[in-house]
S.K.: 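The structure that follows is given in the form of structure tokens.
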Amino acid sequence: MSGRERQAREHMEVSVYGMSCEHCVKRVTNALEQLPGVKDVQVSLEDSRASLSYDPALTTPADIRRAIEEAGYTTESGSREIQAEAAGEKVSPAEGKPAPVGTAQEADGMAAPPEKGENVPPAGACPLIRTQFKVSGMTCANCALTIEKGVGKMAGVNAAAVNFASEKLAVEFDPRLVNEDEITARVRDLGYDARSEDGGKIQFKVGGMTCANCALTIEKRLRAAPGVKNAAVNFASETVSVEFNPAVINRKGIFELVRDAGYVPLESSDRDEDGRTAVAERNWLIFSAVLSIPAMLAMLLLPMTQNLKYVLFALATIVQFTAGRTFYRGAYHALKNRSANMDVLVAMGTTASYGYSILTTFPQLFFAGPTFFDTSMLLITFIRFGKFLEARAKGRAGQALKKLLELQADKARLLVNGEEKEVAASEVRIGDVVLVKPGEKIPVDGEIIEGRASVDESMLTGESIPVEKGVGDGVAGATINRSGVIKVKITKTGKDTILAGIIKMVEDAQGVKPPIQRFADTVSNYFVPAVVFIALVTFAVWYSGLHYPFVFAFTAGVAVLVIACPCALGLATPTAIMVGSGVGLNRGILFKSAAVLEGVARLQAVGFDKTGTITRGMPEVTGIVAYAPYRELAVLQIAAAGENLSLHPLAQAVAARARRENMEIETVQDYREESGHGIICSYRGQQLLIGNIRLMQEHGVESGQAEKDFKRLAEDGKTTMFVALAGRVIGLIALADVIKDNAREAIFRLHKLGLQTFMITGDNKKVAAVVGRQVGIDEVAAEILPQDKIAIIRQYQEKGIKVAMVGDGINDAPALARADIGIAIGSGTDVAKETGDIVLVRNDLLDVERAIRLGRKTLAKIKQNLFWALIYNSIGIPVAAGVLYPVTGKLLPPEWAGLAMAMSSVSVVTSSLLLKGYAARLAE
């Protein structure tokens, strides 16, 4: 940079409040880097501060503060700018900075940075709350969009997203400005029903009941409690269903009431909701079919007398306003909110058929003509049939999450003063000690304080082989004790447990939208009005333009209304995401958001940390050179005797290798360590030296041939120690951080997918080059500081390359956040896993390639679903309008158009379910 350029640039440091994770850092960094003339952006989460240099001719301090605020964060007033590059001055961080406040987080993938005019929390605001609601009453993608818009416009709501397939509403809001009750009230005002996942209604198991009177006792106790609206106990299934006011009483209070009554409440979630929805749809289908099929047969087989018309009128009226009532209700609320959905189309189509038939049924009052009662009834029946199949299929799409919920333990054997007491797993607290016997689930996360056991951790890792655990080892809730009795001290409960974290990740992944969904949403916005317009044009063309009979034109118009299907568009993306994330979950690959599944499919390069990611992260003995008359095992045994007392990782690696060889490690005398050189001791009365070349030189030991071997091993990136006994070198021991077994295969597979690979490490260049060469990685960047890893990622991104970063340590967190997709190794630190967009639970590098393959397959399935949904409507609507009539001589009957509409949604969901078959190929 020239002197004039240096003089022109200015440096600025500004406080940034609202950041709460590395994704916030990533968002602020991106916002600043997009400003013209801004360079060298460094954002610190710890200091709540951003520093940068900028060209004052292109960007002003006000522009910089505005960019931060538009990204969803706040700045300290009166930020100080100085000409640091010109004058060499520094700006010290502000003292007494206020604590960071919460804001919208990109980590869950729910919301993009707020645009101008969106609700951005002011400085000093309390942290935003993210809550999910179960929504009922939606019938198509337009319903989801109506709720999103209606809730999103509420004061205090930062973001709202609706997943039509899983019927979930995810809302991020400021609790000072709006609460859950107001959000659910708004949803009801929009014409739907919503309830918090953990509020208003719960169902749980109860133990200890022996007869029907026990059930009545619990019911009376609960119904008498303030805040409980209703309580019902099923003695046969041992379940309790409670409706309550969350503002007055909560789950814990209800459980206390049950315990006070003398019974044991057991944690259980409402796992059968999708099943009950399917049953309700089935019952409506049966009801409407029982009435409509006889009507259809009567019209086909019997002469159309006036009395028959009256019978058909009675049957059609019952079906229209019972089984068909849901479409009227949905259409009313849609139109009330200036929206349009599938209910509008169905209500218009069935009402037109039903209404026209009423007029012809009473010719003395209106006019004579054919009746279409069977059409309206069959339309409702066929659409109910589609809804039934859709409910079943949607339930299957969400099975991954249900299976996770079912893993949770219900009971725990709590030890109180040495006595065993059975309690609900949800009531166990941190510090409690529980007893776990063979065959039982470990209730929640903890640490073994007594006993040994083989623990089946397949629910976490996918590995079927149990892991041996002993005192001091951690265990996860919902894993199974296969052998041995253990006592476990509880370390994590509730939402902090591993299983709860996984469930939260899966819910987030399935509850939000990827960018590709925006396309379907845009189409759905204009879909229903366009269809109504086409139906009117169809009627006008046939009746007024071509002068066909009214009934002919009327039939074509109704068919257009009922064949159009916005549902297929609405289901195309979320069902594929739900199934894809479920397949990944079963493989131990956790996607934190739906956007990640799409983003990982677009990757072009993958970067890796070295230590703990490509390598095991711990030194191991990789070679032994022995000099006559000693053999390799003898050198190892002697070295292990000297190293056994040291706590140094290299020394412990030597001792560990000797133990694996079942060697007896002898005791040495006069042991001492020389820092930076090695150890000195007495072995069987002779001086034993183990260390580097300097230790040998200080004690006058000739290295001779050993020095040549040492250089050869060093060239291979090995850390090598001399072993000298009685004044002469008897051998060399080489150690290295060993490459993981499948690292080379993982890199090979990534190359086969057409991806570039690179490695970033703080290790020395020689070691890094050896590791990179062994695994076949394309580029190696060594001796890189943690904060500089971001610059390497940025270099790729500036070339337009989509980059993933794979890491496991705290030092990898900034790079994971900076990358387009951060992939955290499951055995790594909590910081890395929090920052990563994908977590590999199994600690298997092959899962990096599997995650990318799954992302590509899921994205391809979404595109396929959208294609067929669009093709269906593109072909179906013209056919219903009668474009084939000149060729076939027939119009498509409205009832068959309704069946086709229903089946289009089912076909999209079924197509998504076919993704499950990819699980077998993913295991390869």
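Values in this document were obtained by computation on a predicted structure and should not be read as measured data. Here, residue 1 is the first one in the sequence, and each next residue gets the next number.
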S.K.: Can you tell me how far CG of Leu846 sits from CG of Asn742, rounded to the nearest 0.5 angstrom?
M.R.: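 Spacing of CG (Asn742) from CG (Leu846) equals 4.0 Å.
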
S.K.: For the pair Asp844 and Arg850, evaluate salt bridge (Lys or Arg N to Asp or Glu O under 4.0 Å) and give the outcome as yes or no after the intermediate values.
M.R.: CA-CA 10 Å; Asp844 185 350; Arg850 291 180 180 122; 3.4 Å; yes

S.K.: Taking only residues two or more places apart in sequence or in another chain, which ones pass salt bridge (Lys or Arg N to Asp or Glu O under 4.0 Å) with Arg749?
M.R.: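 Arg749 satisfies salt bridge (Lys or Arg N to Asp or Glu O under 4.0 Å) with Glu745, Glu849 once adjacent residues are dropped.
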
S.K.: For Phe133 and Ala194, which heavy atoms make the closest approach, and how far apart are they?
M.R.: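 Answer, listing the atom of Phe133 first, then Ala194: CB-CB, 4.3 Å.
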
S.K.: Within the side chain of Glu148, is there an N or O that forms a donor-acceptor pair under 3.5 Å with the backbone of Val162?
M.R.: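 Checking the backbone N and O of Val162 against the side chain of Glu148, a donor-acceptor pair under 3.5 Å is found.
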
S.K.: Please identify each residue that fulfils side-chain hydrogen bond (donor to acceptor under 3.5 Å, both in side chains) with Thr538, with sequence neighbours left out.
M.R.: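 Scan of Thr538 (side-chain hydrogen bond (donor to acceptor under 3.5 Å, both in side chains), adjacent residues dropped) gives none.
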
S.K.: Side-chain contact, heavy-atom cut-off 4.5 Å: Ile589 with Leu840?
M.R.: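 In short, these two side chains touch, coming nearer than 4.5 Å.
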
S.K.: List the residues meeting side-chain contact (heavy atoms from CB on, under 4.5 Å) with Ile801, not counting sequence neighbours, and say none if there are none.
M.R.: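 Checked Ile801 against side-chain contact (heavy atoms from CB on, under 4.5 Å); matches are Gln604, Ala605, Gln756, Tyr796, Lys799, Val803.
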
S.K.: Over all heavy atoms of both residues, which pair between Ser912 and Val579 is shortest? Give the atoms and the distance, please.
M.R.: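 The answer is O-CG1, 3.5 Å.
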
S.K.: Does any non-hydrogen side-chain atom of Leu590 lie less than 4.5 Å from one of Ile838?
M.R.: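 Side chain of Ile838 against side chain of Leu590, heavy atoms only: no contact under 4.5 Å found.
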
S.K.: Would you tell me whether Thr351 and Tyr328 have side-chain atoms, one donor and one acceptor, within less than 3.5 Å of each other?
M.R.: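 Distance-only check passes for Thr351 and Tyr328.
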
S.K.: What's the separation between atom CG in Leu753 and atom CG in Leu603, rounded to the nearest 0.5 Å?
M.R.: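 Separation between the atoms: 10.5 Å.
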
S.K.: Between Trp284 and Thr322, is any pair of side-chain heavy atoms under 4.5 Å apart?
M.R.: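 Touching, per the 4.5 Å side-chain cut-off.
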
S.K.: Under a 4.0 Å threshold between the charged nitrogen and the carboxylate oxygen, would Arg602 count as salt-bridged to Asp820?
M.R.: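 So Asp820 does not pair with Arg602 through a salt bridge.
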
S.K.: Once you round to the nearest 0.5 Å, how far does NZ of Lys857 lie from CG of Leu914?
M.R.: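 CG of Leu914 is found 9.5 Å from NZ of Lys857.
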
S.K.: Answer yes or no: is there a side-chain heavy-atom contact under 4.5 Å between Ser288 and Met377?
M.R.: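 No - every pair of side-chain heavy atoms lies 4.5 Å or more apart.
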
S.K.: Can you name the closest pair of heavy atoms from Phe591 and Val600 and give their distance?
M.R.: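 Closest heavy-atom pair between Phe591 and Val600: CE2-CG1, 4.3 Å.
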
S.K.: Name all residues meeting the side-chain hydrogen bond (donor to acceptor under 3.5 Å, both in side chains) criterion together with Thr184; count only those two or more places apart in sequence or in a different chain, and write none if there are none.
M.R.: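 If we apply the side-chain hydrogen bond (donor to acceptor under 3.5 Å, both in side chains) test to Thr184, skipping adjacent residues, there are no hits.
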
S.K.: Supply the atom-to-atom distance Leu854 CG to Leu597 CG, rounded to the nearest 0.5 angstrom.
M.R.: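 Reported to 0.5 Å precision, the distance equals 6.0 Å.
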
S.K.: Going through the checks in order, is the side-chain contact (heavy atoms from CB on, under 4.5 Å) test met by Val157 and Glu172?
M.R.: CA-CA 6 Å; Val157 172; Glu172 199 169 53; over 6 Å; no

S.K.: So, taking the atom named NZ in Lys890 and the one named CG in Leu884, what distance separates them when rounded to the nearest 0.5 Å?
M.R.: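 The NZ atom of Lys890 sits 13.0 Å away from the CG atom of Leu884.
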
S.K.: Closest heavy-atom contact between Ala160 and Leu169?
M.R.: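 Residues Ala160 and Leu169, closest heavy atoms: CB-CD1, 4.3 Å.
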
S.K.: Once rounded to the nearest 0.5 Å, what's the spacing between atom CG of Leu190 and atom CE of Met138?
M.R.: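 Rounded to the nearest 0.5 Å, the CG-CE separation comes out at 12.0 Å.
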
S.K.: For Asn283, check side-chain hydrogen bond (donor to acceptor under 3.5 Å, both in side chains) against everything at least two apart and list the hits.
M.R.: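 Expected list: none.
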
S.K.: Could you tell me which non-hydrogen atom of Ala323 sits nearest to which non-hydrogen atom of Thr326, and how far apart they are?
M.R.: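 Ala323 and Thr326 have their closest heavy atoms at O-CG2, 3.8 Å.
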
S.K.: So, Lys861 side chain and Ser911 main chain: donor-acceptor pair closer than 3.5 Å or not?
M.R.: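 Judged by distance alone, yes, a pair lies under 3.5 Å.
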
S.K.: Determine whether Val151 and Val187 make a side-chain contact, defined as any pair of heavy atoms from C-beta on separated by less than 4.5 Å.
M.R.: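 Side chain of Val151 against side chain of Val187, heavy atoms only: contact under 4.5 Å found.
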
S.K.: With heavy-atom distances below 4.5 Å as the criterion, would you say the side chains of Leu913 and Leu915 are in contact?
M.R.: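 Answer no - side chains too far apart.
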
S.K.: Are Val606 and Ile747 side-chain neighbours, meaning at least one heavy-atom pair lies under 4.5 Å?
M.R.: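 They are not in contact (no side-chain heavy atoms under 4.5 Å apart), so the answer is no.
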
S.K.: Ring centres of Trp542 and Phe554 under 6.0 Å apart?
M.R.: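 Not under 6.0 Å, so no.
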
S.K.: Run the side-chain contact (heavy atoms from CB on, under 4.5 Å) test against Val883 and tell me which residues pass, sequence neighbours left out.
M.R.: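 Val883: side-chain contact (heavy atoms from CB on, under 4.5 Å) contacts with Pro878.
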
S.K.: Are the side chains of Ile823 and Ile821 in contact, using a 4.5 Å heavy-atom criterion?
M.R.: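 They are in side-chain contact.
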
S.K.: Compare every heavy atom of Thr858 with every heavy atom of Ala576, then report the nearest pair and how far apart it is.
M.R.: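 Closest pair (atom of Ala576, atom of Thr858, distance): O-CG2, 3.6 Å.
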
